[in-house]
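We name chains A, B, ... by the order of the sequence lines, and we start the count at 1 in each one. Both backbone and side-chain heavy atoms feed into the values below; hydrogens, waters and symmetry mates do not.
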Number of protein chains: 2
Amino acid sequence: MIIEDRAQSYEEALRRSGIRITRQRAALLRILADTDDHPDATALHARATAAGAGVSLATVYRTLAELEAQGLIHKVEFVGEPARYEPADQRHHDHMIDVETGQVVEFFNERIEKLQAEIAAEMGYEILRHRLELYVRKLP
Amino acid sequence: MIIEDRAQSYEEALRRSGIRITRQRAALLRILADTDDHPDATALHARATAAGAGVSLATVYRTLAELEAQGLIHKVEFVGEPARYEPADQRHHDHMIDVETGQVVEFFNERIEKLQAEIAAEMGYEILRHRLELYVRKLP
DNA sequence: TTGACTGCAAAGCGTTTGCAGAGAG
DNA sequence: CTCTCTGCAAACGCTTTGCAGTCAA
C-alpha cells in the first residue's frame, strides 16, 4: 500500500460522503495513511502537532470517529489502554500483544477463523465481528 | 457448583489473605456466588441494595478488585460496555455476545486454544492470557 | 454565502481514591 | 484496641459535546 494512495483514497471516500477536507483533516489523513503501528488518539495528536498541523485533540477524535464510520480505519481496544487505530485496507488479522514490551504483532489463521464460524453456526448464530487478542511474553 | 460452597470458599480465601469479612462483603460474596450471568458493578450494587445490604458502589468496586486479585472472579470487558464479572471456578471459556439481545453465551473449543498456543510459539511467545469474543446475530 | 467544521472548555462515563469515621478481629 | 474497612465526594483518564466563531466548497 503506497502511502499517497491511501491518503488519497481516504480523501475521496470522505468527499464522496459529502465530508469536507479541512486543513486539519488532510494532515490527519496523511498521518494515518503513513501509519504502520497502532497509535492512539494522543499519539496521533502528538504526530500532527509535530508535523506543524494545528489540530486539537477534539478534532482528532472527531476525525477518527468519521473514518471509522466510513469503514476506513478500525478501532482496536487492548486491555487497560486507550483505543488504538489502524488502516482498514489490510487483510483481516488479530493481535498478539507482548505485555513486557508493549509490542503488537498481527497474525492471521484461517483455521481459527473457520472454527469460530463453525461454533457460531452450531449455536444458530452468524458472526458480525470478533475480537481475538493474545497477551504474550517472549519465550526464554 | 453449590452456591453456599462458593460463597464459603470466597470467604475462606479472603480470610486466608488476612482480609476482613464485613457485612458488606459477605452480602456481595453471596450475590456473586449466586451469579450465573455476567453482571457489571452497577448491577451487583443494585442486587445488593435490593437484598437490603447497604453497600456503596465504591465498596462494590473495591471488593471486586480484591476478589479479582485473589483470582476468585474474572473481569470481562465487552466492546462498548462497563466491565462485567464472573466466578473463576469454571472451566476456561470464551464468550459469544448476541448484539441484538445482549445475551452472552459461553463456549470452549480445544482446537482454537491449541492453535493460539501454536501461533504464539511459532513466533517465540507464550500466551499469558487471551481474549476471544464473537459478536453475533441469530441466523434467520 | 452558508452549512459543516474547529477549538475550547465543560461534561460525560465508568472507575478509583483521600479522608475521617465505623467496625471486625 | 487496633487496623482495616466503609461511605462520601472529589478526582481520575479517556472520550464526547455545546457553543460561538471559522472556513471549505
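Residue-to-nucleotide proximity on DNA chain D shows that, of A/Thr42 and A/Arg23, the 5′-proximal contact is made by A/Thr42. Mapping A/Arg20 and B/Lys75 onto DNA chain C by nearest heavy atom places A/Arg20 at the nucleotide closer to the 5' end.
Look at A/Gln24 and you'll find a side-chain N or O under 4.0 angstrom from OP1 or OP2 of C/dG7. Contact annotation: B/Ser56 side-chain N/O to D/dC8 OP1/OP2 distance is not under 4.0 Å. For D/dT6, the OP1/OP2 oxygens have a side-chain nitrogen or oxygen of B/Thr22 closer than 4.0 Å.
Classification of B/Asp89 and B/Arg6 as a salt-bridged pair holds, one side-chain N sitting under 4.0 Å from a carboxylate O. A salt bridge between A/Arg47 and A/Asp37 is present, with a side-chain N of the basic residue lying under 4.0 Å from a carboxylate O of the acidic one. Under a 4.0 Å N-O distance rule, the pair A/Arg62/A/Glu66 does not qualify as a salt bridge.
The residue B/Gly18 sits apart from the nucleic acid: no heavy atom pair falls under 4.0 Å. Across all strands shown, A/Ala83 has heavy atoms under 4.0 Å from sugar-phosphate atoms exclusively, and none from any base. At the heavy-atom level, A/Arg25 lies under 4.0 Å from the strands shown only through sugar-phosphate atoms.
Between A/Leu64 atom CG and C/dT6 atom P the separation is 12 Å, expressed in whole Å. Atom CZ of B/Arg15 is separated from atom C1' of D/dC5 by 15 Å (rounded to the nearest Å). Distance, B/Tyr61 OH to C/dT15 C1': 5 Å, rounded to whole Å. The distance between atom CG of B/Leu57 and atom P of C/dC13, rounded to the nearest whole Å, is 14 Å. Distance CD (A/Glu66) to P (D/dT17): 13 Å, rounded to an integer number of Å. Rounded to whole Å, the distance from NE2 on B/His45 to C1' on D/dT6 is 12 Å. Per the geometry, CD1 belonging to A/Ile19 stands 14 Å off C1' belonging to D/dA24, to the nearest Å. Atom-to-atom, CZ of A/Arg62 to P of D/dC19 comes out at 13 Å; the value is rounded to the nearest Å.
Ring orientation note: the planes of B/His130 and B/His92 are tilted relative to one another, at an angle of 30° to 60°.
When ring centroids are compared, B/Tyr85 and B/His38 stay outside the 6.0 Å threshold.
For B/Ile21, taking side-chain heavy atoms from C-beta onward, the closest of the listed nucleotides C/dG25, C/dG7, D/dC23 is C/dG25.
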